[in-house]
Amino acid sequence: MNILILGSGGREHTFAYQIAKSKLCDQLFVAPGNAGTAAIATNLKVDLTDFEAIQASVIVNQIDMVVVGPEDPLVNGIANYFAEEEALQNVMLIGPSKRGALLEGSKERAKEFMLQHNIPTAAYASFTSESLAAGKEFLETMKAPYVLKADGLAAGKGVLILNDIEEAKNELEAMLGGKFGDASTTVVIEEFLDGIELSVFVLTDGKNYKVLPTAKDYKRIGEGDKGLNTGGMGAISPVPFADASFMEKIEKRIVKPTVQGLQDEQMDYKGFVFIGLIKVGDEPYVIEYNVRMGDPETEVVLPRIKTDLVVLLEATYHQKLDTTTLEIDNRAATTVMVVSGGYPEAYEKGKEITGADQIEDSIVFHAGTAEKEGKLVTNGGRVIAITSMDEDFRKALKKSYKNIEKLHFDRMYYRTDIGFDL
Ligand code: AMP
Ligand code: GLY
């Protein structure tokens, strides 16, 4: 079959890398893709907010399956668009409906869903500008630190954790006053959970599910998890502290009721659920749902899946995931993200990258790269992820770091301490 992947990051290069190996894949396309995907697939210039342009591309290239990487097209209803358009009836789109995507698109909706389906999460209340005074009173009843979350998508910046009550009240007012535009018209205030984070990934056809490998990502720009939040600077899979008994709790208390909830609410969910968790003592709590795979978590999760990914995705579309078996590589996978100097704030693009062809024993997943006049150049904040596998994550990390030394571009930066807290 012909397959189209939507997106342009390290996550999408990883999907392309796995799908290109599938016995079911004839022609592979990525829109818009990067220099890495161009080497193994055909990149298509398509604007992901323009569903008509995506449709035209699907028809011209006789695409049978579309895998959606990022959340925006999902939250904007690409699955509904595919379900409604006559010409797209036989195209298998992997991704939830608009209603399903609200689990990521609205923090308030996600909290309601968890409450309704008895899924453990932090206690919360939500407020709008009309209830600002009540919101401030609610803060008085909470203990520091105070967690304020913009309801809508805010490019990963919509969560504030504050120690001072006055600051928390002022920020609540600023958020409800439009600090994050429409995304903070509603603000969720929730109890602070003190623990260690991990992520669990689930592939579901809306009825059946497979629990994919766990991962832990490192979101801050600086060593020791200091400084600004980024999309993710590195990741490790599996998460060493997520042992069998902890995973059993996660499956029983979180994964099962989540999938049951999707089914009970007829959300028409065929795709990935990325569950952000916090382990408090020995108990798992959900901090967020994402309706897609993570980046750079994908770069460590997918390489550990031995089953043909397209077989799994086709079964997902036909609600037959129960007929497949998921085979996992027991080795650990790590990825280290190499970024442009200045990221996550202002940075320059177009710097020549050298050494990518020297890398041995690791996989080079391109994120923000492009080809310009025959040269590989930077084209984003996160530039390249170096993924390695070995019997434990420390050995795998060593390989990634050894290979990174061969890479070079002006103002290149990466964290040297991925996995420091494990
Ligand atoms: P989110 O965008 O929901 O993933 O939140 C961003 C980050 O804020 C998370 O990765 C956590 O580190 C932190 N966070 C969110 N909610 C809580 C909470 N209730 N308690 C403690 N930390 C939180
Ligand atoms: N690495 C976090 C995310 O993809 O949301």
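In listed order, ligands and their atoms are each counted from 1.
For the pair Asp295 and ligand 2, the shortest N or O to N or O distance falls below 3.5 Å. Taking only nitrogen or oxygen atoms, main chain and side chain alike, Gly231 reaches within less than 3.5 Å of ligand 2. Where the criterion is an N or O separation shorter than 3.5 Å, residue side chain and backbone included, Ala122 fails it with respect to ligand 1. Ligand 2 has no N or O atom lying under 3.5 Å from any N or O atom of Lys219, backbone or side chain.
Of the options Met233, Arg292, Met293, the smallest heavy-atom separation from atom 3 (C) of ligand 2 is shown by Arg292. Comparing Glu191, Lys107, Glu104 against atom 2 (O) of ligand 1, the shortest heavy-atom distance belongs to Lys107. When the options Ile287, Val280, Ile189 are ranked by their closest heavy atom to atom 17 (C) of ligand 1, first place goes to Ile287.
Nearest protein heavy-atom contact of atom 16 (N) of ligand 1 is Lys149 NZ, 3.0 Å. Of all protein heavy atoms, the one lying nearest to atom 7 (C) of ligand 1 is Val159 CG1, 4.5 Å.
Contact between Ile161 and ligand 1 is present, with at least one heavy atom of the residue lying under 4.0 Å from the ligand. Remark: distances from the non-hydrogen atoms of Gly232 to ligand 2 are all 4.0 Å or more.
Of all the atoms in ligand 1, the ones that sit under 4.0 Å from a non-hydrogen atom of Phe192 are 20 (N), 21 (C), 22 (N). Here is the list of ligand 1 atoms found below 4.0 Å of a heavy atom in Lys219: 10 (O). For ligand 1, the atoms lying closer than 4.0 Å to a non-hydrogen atom of Glu197 are 9 (C), 10 (O), 11 (C), 12 (O).
In this structure, the ring of Phe192 has its center no less than 6.0 angstrom from the ring center of Tyr146. Aromatic ring centres of Phe272 and Tyr209 lie farther apart than the 6.0 Å criterion allows.
Counted by atom type alone, Ser362 and Asn403 present one or more donor-acceptor pairs between their side chains at under 3.5 Å. In this model, a donor atom of one side chain and an acceptor atom of the other lie less than 3.5 Å apart for Thr121 and Lys111.
In this structure, Lys279 fails the cation-pi test against Tyr285, since its NZ or CZ atom is not both closer than 6.0 Å to the six-membered ring centre and inside 45 degrees of the ring normal.
Looking only at distances, no side-chain donor or acceptor of His117 sits under 3.5 Å from a matching main-chain atom of Thr258.
Contacts with ligand 2 closer than 4.0 Å are made by no heavy atom of Met337, backbone or side chain.
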